[in-house]
Amino acid sequence: MRRFLVAGNWKMNTNRASGQDLAAALAENAPAAEDGVEILVCPPHPYLTTIADKVSGSGVQVGAQDVYFEAGGAFTGEVAVDMLKDVGCEYVIIGHSERRHVIGETDEIINRKVKAAIAGGVKVILCVGELLSDREGGNTESVLDAQMSGGLADISEQDAKELVIAYEPVWAIGTGVTASPEQAESAHEHLRKWVANRYNSTFSDQIRILYGGSVKADNAETLMGQANVDGALVGGASLKPELFVPIIDAARKLASA
Ligand code: PEP
């Protein structure tokens with residue numbers, strides 16, 4: 001059975017004090033690693049060390065929101081995979097829609113980042129998702145296919161072992177509009193089939209596919225209860241323990257059912 005992953009993407013929010021408070025509350029809620037649910041927070045880069053210290057020894061892991069593909073050197077402002085590892089990051093989010101559509105990252109850049117993270121031993125959450133215009137034009141699946149092919153170009157099954165996919169329809173991110181459980185399940189099923197075709201069905205049965213896009217306490221259980229949804233990538237609702245813990249609880253409930 002696939003283990004649920006509930007990940008919080010703090011984006012460019014929190015400061016040192018508020019991030020520490022949030023992390024402490026989550027660590028208190030999850031004092032030890034849990035069998036059925038993996039819990040992750042992804043703070044802004046400057047706070048990674050502080051937050052990693054705060055959750056150390058608890059069931060909460062730390063990840064980064066982005067990484068650069070070069071190992072080091074003259075790349076002003078960028079952060080390398082080894083640096084993330086050095087400060088205790090287990091995961092890195094790559095290809096978030098804000099990086100694709102606000103910063104302008106291409107599938108080629110995303111692919112280089114995915115390769116660098118895997119080579120450096122940091123697990124990847126690869127985000128894919130269509131714009132509203134793609135969905136309305138009937139192009140959701142072709143957009144997902146292109147992002148998967150681009151992001152995972154030249155990546156072997158062995159290298160993809162620690163990969164997690166996050167399906168995040170762009171029209172649902174930060175908008176309060178959530179994909180219906182049917183829309184989410186249909187996209188997740190499609191992505192799993194893509195993995196089966198590109199790799200094999202054993203691997204596609206194992207890979208985790210998270211849903212992201214306005215996940216909240218009141219929709220988390222239904223969304224994560226879909227057959228092909230293995231957890232959630234949560235933005236806004238990950239910034240307050242009283243909003244995030246109920247989402248973790250929904251995963252705990254499903255995992256123990
Ligand atoms: C996200 O940032 O990945 C996200 C899904 O945001 P939100 O939950 O706020 O829609």
Side-chain angles (χ1 to χ4, degrees), residues 4-14 18-19 22 26 37-45 47-48 51 61-67 89-105 110 113-114 117 123-132 134-135 140 143-144 147-148 151 163-181 183-185 187-188 191 208-224 226 228-251:
F4 283 98
L5 171 60
V6 178
N9 172 15
W10 294 2
K11 310 195 189 194
M12 201 168 71
N13 293 301
T14 68
S18 67
L22 175 52
L26 297 176
V37 184
E38 220 180 321
I39 303 163
L40 176 73
V41 292
C42 300
H45 283 155
Y47 306 131
L48 284 170
I51 302 304
Q61 301 174 86
V62 171
Q65 299 173 18
D66 186 37
V67 70
C89 286
E90 299 284 341
Y91 284 89
V92 58
I93 298 171
I94 297 180
H96 190 278
S97 74
E98 285 143 22
R99 300 224 46 100
R100 291 177 187 267
H101 300 294
V102 181
I103 313 291
E105 272 184 22
I110 289 164
K113 292 184 172 187
V114 171
K123 295 173 212 158
V124 171
I125 300 177
L126 172 65
C127 300
V128 295
E130 80 287 1
L131 297 165
L132 184 59
D134 298 325
R135 177 161 284 270
T140 297
V143 168
L144 296 181
Q147 292 176 343
M148 291 288 283
L163 182 82
V164 176
I165 305 294
Y167 169 60
E168 298 209 303
V170 181
W171 46 272
I173 297 179
T175 57
V177 180
T178 313
S180 68
Q183 285 171 323
E185 174 60 11
H188 282 232
L191 288 166
R208 291 182 293 181
I209 308 177
L210 314 182
Y211 169 78
S214 298
V215 175
K216 306 230 164 12
D218 60 3
N219 57 31
E221 191 178 333
T222 320
L223 284 162
M224 291 190 286
Q226 302 302 305
N228 285 292
V229 179
D230 307 311
L233 180 54
V234 185
S238 72
L239 293 171
K240 291 191 175 153
E242 64 273 26
L243 300 180
F244 195 48
V245 169
I247 297 171
I248 300 169
D249 283 342

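When a ligand or atom number is given, it counts from 1 through the structure's own listing order. The first residue in the sequence is number 1, and the count goes up from there.
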J.: Taking the side chain as everything from C-beta on, heavy atoms only, tell me whether I110 gets closer than 4.5 Å to R100.
T.: yes
J.: Heavy-atom distance under 4.5 Å between the side chains of T178 and L223, does that happen here?
T.: yes
J.: What's the verdict on side-chain contact (heavy atoms from CB on, under 4.5 Å) for D249 and V245, showing C-alpha distance, side-chain angles and the deciding distance?
T.: CA-CA 6 Å; D249 283 342; V245 169; 3.7 Å; yes
J.: Would N9 count as a polar contact of ligand 1, with the cut-off being nitrogen or oxygen pairs under 3.5 Å?
T.: yes
J.: When only distance counts, is G235 in polar contact with ligand 1, meaning an N/O pair under 3.5 Å?
T.: yes
J.: With the side chain counted from C-beta on, respond yes when I94 and V67 share a heavy-atom pair under 4.5 Å apart, and no when they do not.
T.: yes
J.: Quick check on contacts: which atoms of ligand 1 are under 4.0 angstrom from a heavy atom of G236?
T.: 7 (P), 8 (O), 9 (O)
J.: Look at the rings of H188 and Y167 and say which category their plane angle falls in: under 30° parallel, 30 to 60° tilted, over 60° perpendicular.
T.: perpendicular
J.: So for S214, does at least one of its heavy atoms come nearer than 4.0 angstrom to any atom of ligand 1?
T.: yes
J.: Number the atoms of ligand 1 from 1 as they appear, then name those within less than 4.0 Å of a heavy atom of L233, with their elements.
T.: 3 (O), 5 (C)
J.: Number the atoms of ligand 1 from 1 as they appear, then name those within less than 4.0 Å of a heavy atom of G174, with their elements.
T.: 7 (P), 9 (O), 10 (O)
J.: Would you say K216 contacts ligand 1, with heavy atoms under 4.0 Å as the rule?
T.: no
J.: Taking both backbone and side-chain atoms of E98, is any N or O found less than 3.5 Å from an N or O belonging to ligand 1?
T.: no
J.: With heavy-atom distances below 4.0 Å as the criterion, list the atoms of ligand 1 near G213.
T.: 5 (C), 10 (O)
J.: Would I173 count as a polar contact of ligand 1, with the cut-off being nitrogen or oxygen pairs under 3.5 Å?
T.: no
J.: Quick one: look up the protein heavy atom nearest atom 1 (C) of ligand 1 and list residue, atom name and how far away it is.
T.: H96 NE2, 3.2 Å
J.: Over all heavy atoms of both residues, which pair between K216 and G176 is shortest? Give the atoms and the distance, please.
T.: NZ-CA, 4.5 Å
J.: Is the closest side-chain heavy-atom distance between H101 and L131 below 4.5 Å?
T.: yes
J.: Which residue supplies the protein heavy atom nearest to atom 3 (O) of ligand 1, what is that atom called, and how far is it?
T.: E168 OE2, 2.7 Å
J.: Does the side chain of V229 come within less than 4.5 Å of E185's, by heavy atoms?
T.: yes
J.: Given side chains that start at C-beta, do those of V215 and M224 come closer than 4.5 Å, heavy atoms only?
T.: no
J.: Does A172 approach ligand 1 within less than 4.0 angstrom via side chain, backbone, both or neither, non-hydrogen atoms only?
T.: backbone
J.: Can you tell me which residue and heavy atom of the protein come closest to atom 2 (O) of ligand 1, and the distance to 0.1 Å?
T.: K11 CE, 2.6 Å
